[in-house]
Amino acid sequence: MDPKLGRMASWVLAPLLLLQGGMLSASPPAPGLLGRIFRHIDLHQDAFVRTLSEWVAVKSDSIQPLPCFRQEILKMMGLAADELRRLGARVDSVDMGVQQMPDGQSLPIPPVVLAELGHDPAKPTVCFYGHLDVQPAHKEDGWLADPYTLTEVDGKLYGRGATDNKGPVLAWLNAVSTFRALEQDLPVNIKFIIEGMEEAGSIALEELVEKEKQRFFSGVDYIVMSDNLWISRRRPALVYGTRGNSYFTVEVKCRDQDFHSGTFGGILHEPMADLVALLGSLVDSSGRILIPEIYDDVAPLTEEERKKYEVIDLDLEEYQKSIQVERFLFDTKEEILMHLWRYPSLSIHGIEGAFDDPGAKTVIPGRVVGKFSIRLVPHMDMSVVEKQVKQHLEGIFSKRNSSNQMTVSMTLGIHPWIADITDHQYIAAKRAIKTVFGTEPDMIRDGSTIPIAKVFQDTLQKSVMMLPLGAVDDGEHSQNEKINRWNYIEGSKLFAAFFLEMAKLHYNNSLPNQS
Ligand code: MN
Ligand code: MN
């Protein structure tokens, strides 16, 4: 027997024997093992929920810049490192230094946990990214119970961070611990990169990824994250794209001081009037962006792609009701999804320097700054968009013949991300979803921006996949955030099944003369 086979778990041998018998594709991995894994997870679900409640109890809020919250994140990262060590991982808590706050104080940046389980060259290596910091939460905001006390009502586990992102991180650990408990070899090598500053913009993470490229990430084949939600309550999804974002400010300035509208109104080019005209020139009432040539680089829609939107499980009426909107810009599910995922959008966010208090102050603001952003999609180029926006606004402004000064700046730019869904890990995830949930996943994109996905893709040149566990109504960042017990437990099974499918694909692919 090939000595390599000695290292393989027994379930690998079963399909191998079938292959030798002349079959080209492998049979499902030993149904016996999968069954035992699922039973173990079902039987231990209360223990898994208990650990989640211990993690939710840590107030790892990364938004409020207070030393007490930073201590909580440090504690959270420590708990995660301990848990990973208990599972047999080699754990490295990377010191990230300190963060200098505008008020002069400095706060520790919590360590990033890098962990590694197994380094068998015959197995694929999957790296899981997650975060353990949370958004702020206070009972007074309208929570049914204390947000840091995991509370179960009707199978819903309420608590800050339950779905974003503590539950999904733990589901991954539950899957690993199940293999351990059953004394089964892990079918894949697993690495973890877990951070504690995601909600605050993943401070210093990009630099760390760059630095660890040749070391920690060198053997990594695939990157998986579970930091978004399904688009339905019951049907799982796979996410294969996110929009980027370019954020603009347009300043119109006469002078730094304001004016009295009785004393000066009528003889000035008013900055606010200029700005309102500029902002009003950006987008029309049908949502179409009016900046010339902005749609030129948007990937053309193919018939094949159009079909993808038809099969997605989205109840438009319920969706509209749930977010309390009377009517969308578009009438069909397909149009709505395409305008969220594959077309750019322009949103106007606010005006700095505008009078926004109650009452009737008769002021002419001397300087105002308008803010808007454009969600970018493949294959828009950020520097091209920047040029188009500036040219357009300069054109509008010059027609006004104003004596004010206009300055346009792009203050933030994040590229869109899109994955190749024919990659192995997408195929393996689809199969695992079918096994656990008995259905095909919704193949979805996310209209918002998750910068780290693009960083992983660009810096490491690896395939990135988003495999969410949470249901559409989990309420991340909101009051009464929750994860359903069902999602958490079936999600733990999903990850275990995913490991097995990954190994199977990898193994079949490395067989000689398989065609
Ligand atoms: Mn998150
Ligand atoms: Mn979040």
Side-chain angles (χ1 to χ4, degrees), residues 52 55-56 58-65 69-70 72-73 76-77 79-80 109-110 112-113 127-138 141 143 147-148 150 157-173 192-206 208-209 223-231 236-245 323 340 375 412 414 417 419 444-457 464-484 487-488 491 494-495:
L52 179 58
W55 282 25
V56 164
V58 185
K59 301 181 173 109
S60 50
D61 173 343
S62 61
I63 303 292
Q64 301 184 67
F69 287 117
R70 282 305 157 87
E72 288 281 290
I73 309 180
M76 188 64 246
M77 301 315 288
L79 279 181
I109 303 175
V112 170
V113 171
C127 177
F128 177 75
Y129 160 86
H131 69 88
L132 295 176
D133 57 316
V134 298
Q135 288 278 326
H138 308 279
D141 297 342
W143 284 73
Y148 294 104
L150 192 74
L157 302 161
Y158 291 96
R160 175 54 91 221
T163 198
D164 181 19
N165 184 226
K166 291 176 178 178
V169 172
L170 267 175
W172 197 275
L173 295 185
F192 289 90
I193 171 167
I194 299 176
E195 68 158 322
M197 289 299 281
E198 193 273 344
E199 303 291 4
S202 293
I203 293 168
L205 189 67
E206 189 171 349
L208 178 73
V209 172
I223 292 161
V224 183
M225 44 208 286
S226 301
D227 198 16
N228 20 32
L229 300 175
W230 300 348
I231 200 172
L238 274 173
V239 184
Y240 65 95
T242 56
R243 288 196 288 190
N245 199 6
I323 54 173
L340 280 175
R375 295 284 169 176
L412 178 84
I414 300 161
W417 163 77
I444 65 175
R445 297 204 213 171
D446 195 320
S448 52
T449 303
I450 304 178
I452 192 64
K454 185 71 180 165
V455 169
F456 283 137
Q457 191 183 49
V464 178
M465 178 176 71
M466 299 187 186
L467 176 53
L469 297 190
V472 67
D473 59 350
D474 275 2
E476 43 184 7
H477 293 206
S478 180
Q479 294 92 337
N480 300 311
E481 176 184 347
K482 58 93 178 158
I483 191 166
N484 301 325
N487 289 62
Y488 178 52
L494 174 61
F495 288 146

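What's counted below: heavy atoms across the whole structure, side chains too, no hydrogens, waters or symmetry copies. Because the structure is a prediction, the values reported are computed rather than measured. Note that the numbering runs from 1 along the sequence shown for the chain. Counting starts at 1 for both ligands and their atoms, in listed order.
Within the coordination shell of the Mn ion (ligand 2), defined by N, O or S atoms under 2.8 Å, Glu199 is present. In summary, Asp164 places an N/O/S atom under 2.8 Å from the Mn ion (ligand 1), meeting the contact criterion. Distance check for His131 against the Mn ion (ligand 2): none of its N/O/S atoms falls below 2.8 Å.
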Candidate pair Lys59 and Ile73, rule side chain to side chain contact (heavy atoms under 4.5 Å, CB included), full reasoning: CA-CA 7 Å; Lys59 301 181 173 109; Ile73 309 180; over 6 Å; no
Asp61 and Arg160: CA distance, side-chain angles, deciding distance, salt bridge (Lys or Arg N to Asp or Glu O under 4.0 Å) verdict: CA-CA 9 Å; Asp61 173 343; Arg160 175 54 91 221; over 6 Å; no
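Looking at every heavy atom in both residues, Glu481 comes nearest to Thr163 through OE2-N, 3.1 Å.
Looking only at N/O/S atoms, Asp227 comes nearest to the Mn ion (ligand 1) through OD1. The closest approach of His477 to the Mn ion (ligand 2), by N/O/S atoms, is made by NE2.
Formation of a donor-acceptor pair under 3.5 Å by the Ser62 side chain with backbone atoms of Asp133 is not found in this model.
A ring pair (Phe, Tyr, Trp, His ring centres under 6.0 Å) with Tyr129 holds for exactly one of Phe456, Phe192, Trp172; it is Phe456.
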